[in-house]
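Numbering of ligands and ligand atoms starts at 1, following listing order. Bear in mind the structure is a predicted one, so any value in this text is a computation, not a measurement.
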Amino acid sequence: MQTDFLIIGSGISGLNFALNAAKKGKVLIITKKKLIDSNTNYAQGGIAAVLDKTDNYKKHIKDTLEAGSYHNNKKAVEFMVKNSTAAIYRLVDLGVEFAKENGKLKLTKEGGHQKKRIAYVGDYTGKEIERILVKRIKEHPNIKIFEDTFALKLIVKGKNCYGSQVIRNNKIDNIFAHQTILATGGIGALFEHTTNPTIATGDGIAMGITAKCKLKDIEFIQFHPTALDKNIKPKFLVSETVRGEGAKIITEDGKKLMKNKHRLRDLAPRDIVAREIYKAQQSEQVYLDIRHKKTAFLKKRFPKIYQKLKSYKIDMAKDLIPVTPAAHYICGGIVTDLFGRTRLKNLYAFGEVTCTGVHGANRLASNSLLEALVFSNQIIKKLKLKNELKIPAIKKEKLISTNSQKTKEATKLKQEIKKIMWKYAGIIRNRKTIKKEGLPQIKNIIKELEKIFGTNQEIAESRNMAIVGKSILKAAYKRKTSIGCHFLQ
Ligand code: FAD
Ligand code: SIN
């Protein structure tokens, strides 16, 4: 099978790039579950952009750099922020109906922002964006979609990428492409406690590692401070915009946790709030308190969160909301330039799988959907697509049954990886234990997985999680001082 553009992943970056690429050639999107299965579909808070007269690019750039501990690539930050306004209006043109007031976009606030600059749709911004992009994709004659199709590995020869080997309809196939695009999202599922759905197993980063792409900043895992503290997987997020609308973080005895901790208090950057909650919860429960707001306001502003909390018998208007930090986002990834180019020819990457450098050591809230959107709006202008590809021979692994004992072993190893990552690459880290315990444990898991002959999606995901987990632990060990999300004790 052959196409002009092979896009792996159907979140905001994959779908948005598909709409751009379809103007130039034939596009095939493959995705490992259904189209809407993505982190994008879970996004609650909104998208940051300069959208108000009282705001400007300089301020958004400053906030992004400050949240990222100035570890960011300033050029990339400037590029993203200066393209932010146009990116939002592109979504509006596609049909996304952001909240409005008096005919203008209504904006909210999140941690680390000195201005109200988050455009949103209730508390389900990602779901709405995904819905509109899927609608536009399905209408496009140049775009084909394969759901339930798992990218196993990239087809690489020398420094060229020729497509991807995939598992589809219980077979391993090769899909060849002039340009292959990794839009595979993040790695939250590597951690025991996460806000990410089960698809976030780091497949794209693992494929990049195997293909010798350059990685950067993968030790910077962002933990969201306020996941609902209930025994559910994934953890349900209580959006930062709840604090943006005035909620406070309090301890059991009613003490305001963030008082005297940062000038922005409850809206301090995420790494700082997550650490304070983590430290406090070693001895007491931590809560969000938004009881000063009326039921009617909360129901309208946070319809999904209100309903979800109700199912746990928590009434936001009357009760405290128990919260805990959970793995949320990877700030680094495969190194790309402003056009999404990787080290390999004809291999591009967009979205959470990348390291464009915009997030530095800690991502500013709601800059992720923005990054995915702005960078996937780029397409090489002088792009030439040839009629025929020179296709290299590629070996196929044996596909084994998903009911086999080997698959059960792989599932068990996934659970072990999650525990290792939570313990050694969590909110507070220790280089000695990473070296003496974390790394040897993950290397043992890699050895166990190597003993399995053959593959299937479950086995491949476990291998990917182990490969990416090892790289994160190695990067965390290498970084000797605390900065942003990487906090050492
Ligand atoms: P994704 O949306 O994760 O899409 C990745 C796609 O790749 C999926 O379709 C997946 O199935 C597919 N895939 C992966 N591996 C394979 C494979 N091997 N083969 C085939 N397909 C594969 N960011 C914000 O800016 N604002 C927010 O308000 C916000 N809220 C969030 C709330 C939650 C609960 C979560 C989890 C994240 C939130 N984020 C938010 C982060 C943001 O949603 C993500 O960073 C962003 O959506 C990533 O988009 P993406 O296109 O890179 O990846
Ligand atoms: C949230 O709504 O709190 C998530 C925002 C983000 O991840 O940027």
Side-chain angles (χ1 to χ4, degrees), residues 6-17 29-49 67 108 110-113 118-121 123-127 129-130 133-134 146-154 164-168 181-189 194-207 222 224-227 234-244 270 302 304-305 326-331 333 349-354 359 363-373 375-376 457 460-461 464:
L6 170 63
I7 300 176
I8 309 172
S10 58
I12 185 171
S13 54
L15 298 180
N16 189 54
F17 184 79
I29 302 173
I30 64 168
T31 192
K32 67 177 171 180
K33 277 177 93 179
K34 299 298 169 208
L35 265 182
I36 60 157
D37 289 306
S38 60
N39 273 7
T40 301
N41 206 43
Y42 281 64
Q44 294 184 350
I47 312 192
T108 189
E110 283 184 281
H113 291 273
I118 322 285
Y120 63 94
V121 186
D123 54 359
Y124 51 92
T125 310
K127 202 182 191 72
I129 292 174
E130 186 82 14
L133 290 177
V134 165
F146 286 173
E147 294 183 312
D148 302 309
T149 302
F150 181 79
L152 197 53
K153 61 176 169 192
L154 296 169
S164 174
Q165 205 169 67
V166 304
I167 304 177
R168 176 170 155 76
I181 291 91
L182 287 173
T184 44
I187 55 90
T194 179
T195 61
N196 290 194
T198 52
I199 51 112
T201 49
D203 301 342
I205 297 184
M207 287 191 274
Q222 181 172 77
H224 198 294
T226 61
K235 288 247 178 272
F236 178 74
L237 184 71
V238 183
S239 173
E240 203 154 296
T241 50
V242 177
R243 273 176 285 143
R270 248 174 227 178
F302 302 112
K304 305 266 187 236
I305 296 173
H328 185 64
Y329 184 82
I330 182 162
C331 301
F350 297 105
E352 194 169 336
V353 70
T354 67
H359 306 307
R363 170 175 70 93
L364 181 69
S366 285
N367 262 354
S368 167
L369 292 173
L370 178 66
E371 178 200 36
L373 197 61
F375 285 84
S376 63
Q457 181 167 335
E461 283 182 349
N464 290 340

Examine distances only and state if a side-chain atom of [X] and a backbone atom of [Y] form a donor-acceptor pair shorter than 3.5 Å.
X	Y	value
Glu147	Leu35	yes
Asp37	Lys34	yes
Gln165	Leu154	no
Asp123	Ile305	yes

With backbone taken as N, CA, C and O and side chain as the heavy atoms from C-beta onward, which portion of [X] lies under 4.0 Å from ligand 1: side chain, backbone, both, or neither?
X	value
Arg363	side chain
Asp37	backbone
His328	side chain
Ala372	neither
Thr149	backbone

Pair [X]-[Y], side-chain donor/acceptor within less than 3.5 Å:
X	Y	result
His359	Tyr329	yes
Lys304	Ser239	no
Ser366	Glu110	yes
Thr195	His328	yes

Are any of the N/O atoms in [X] less than 3.5 Å from those in ligand 1?
X	result
Ile8	no
Phe150	no
Asn196	no
Thr40	yes

(request) Walk me through it: do Leu133 and Ile12 pass the test side chain to side chain contact (heavy atoms under 4.5 Å, CB included)? (result) CA-CA 8 Å; Leu133 290 177; Ile12 185 171; 4.0 Å; yes
Top protein contact for [atom], by heavy-atom distance:
atom	result
atom 42 (C) of ligand 1	Ser368 OG, 3.5 Å
atom 26 (N) of ligand 1	Gly46 O, 2.8 Å
atom 18 (N) of ligand 1	Asp203 OD2, 2.9 Å
atom 51 (O) of ligand 1	Ser13 OG, 2.7 Å
atom 29 (C) of ligand 1	Ala43 CB, 3.5 Å
atom 53 (O) of ligand 1	Gly185 CA, 3.3 Å
atom 52 (O) of ligand 1	Glu352 N, 2.9 Å
atom 1 (P) of ligand 1	Asn39 N, 3.6 Å

(request) Nearest 0.5 Å please: distance from the CD atom of Glu352 over to the OG atom of Ser13. (result)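 Result: 9.0 Å between the selected atoms.
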(message) Nearest 0.5 Å, please: how far is OG1 in Thr241 from CD1 in Ile118?
(response)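 These two atoms lie 8.5 Å from each other.
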(request) Run the numbers on Lys32 and Asp203 for salt bridge (charged side-chain N to carboxylate O under 4.0 Å, His left out), then give the verdict. (result) CA-CA 10 Å; Lys32 67 177 171 180; Asp203 301 342; 2.8 Å; yes
(request) Pull out every atom of ligand 1 sitting under 4.0 Å from any heavy atom of Gly351, numbered as shown with elements. (result)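 It comes down to these atoms of ligand 1: 52 (O).
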(request) Run the numbers for me: atoms of ligand 1, each under 4.0 Å from some heavy atom of Tyr329, listed by number. (result) 45 (O)
(request) Could you tell me whether ligand 1 has any atom less than 4.0 Å away from a heavy atom of Leu237? (result)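 The answer is yes, since Leu237 has a heavy atom less than 4.0 Å from ligand 1.
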(message) Would Val353 count as a contact residue for ligand 1, given that I'm defining contact as a non-hydrogen atom of the residue lying under 4.0 Å from a ligand atom?
(response)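 Contact absent.
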(message) I'd like to check the side-chain hydrogen bond (donor to acceptor under 3.5 Å, both in side chains) partners of Ser164; sequence neighbours left out, ordered by chain and number.
(response) none
Test item: [X] and [Y] side chains (from C-beta on) under 4.5 Å apart, heavy atoms:
X	Y	value
Val166	Ile30	yes
Glu240	Thr226	no
Phe146	Arg168	yes

(request) Write down, by chain and number, every protein residue that brings a non-hydrogen atom to less than 4.0 Å from an atom of ligand 2. (result)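 Residues Gln44, Gly45, Glu110, His224, Leu237, Ser239, Glu240, Arg270, His328, Arg363, Ala365, Ser366 each place a heavy atom under 4.0 Å from ligand 2, listed by chain and number.
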(message) If you take the nearest heavy atom of each of Ala183, Gly9, Ser38, which one is closest to atom 5 (C) of ligand 1?
(response) Ala183
(request) May I ask you to check whether Phe375 and Phe350 place their ring centers less than 6.0 Å from one another? (result)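 Phe375 vs Phe350: aromatic centres not under 6.0 Å.
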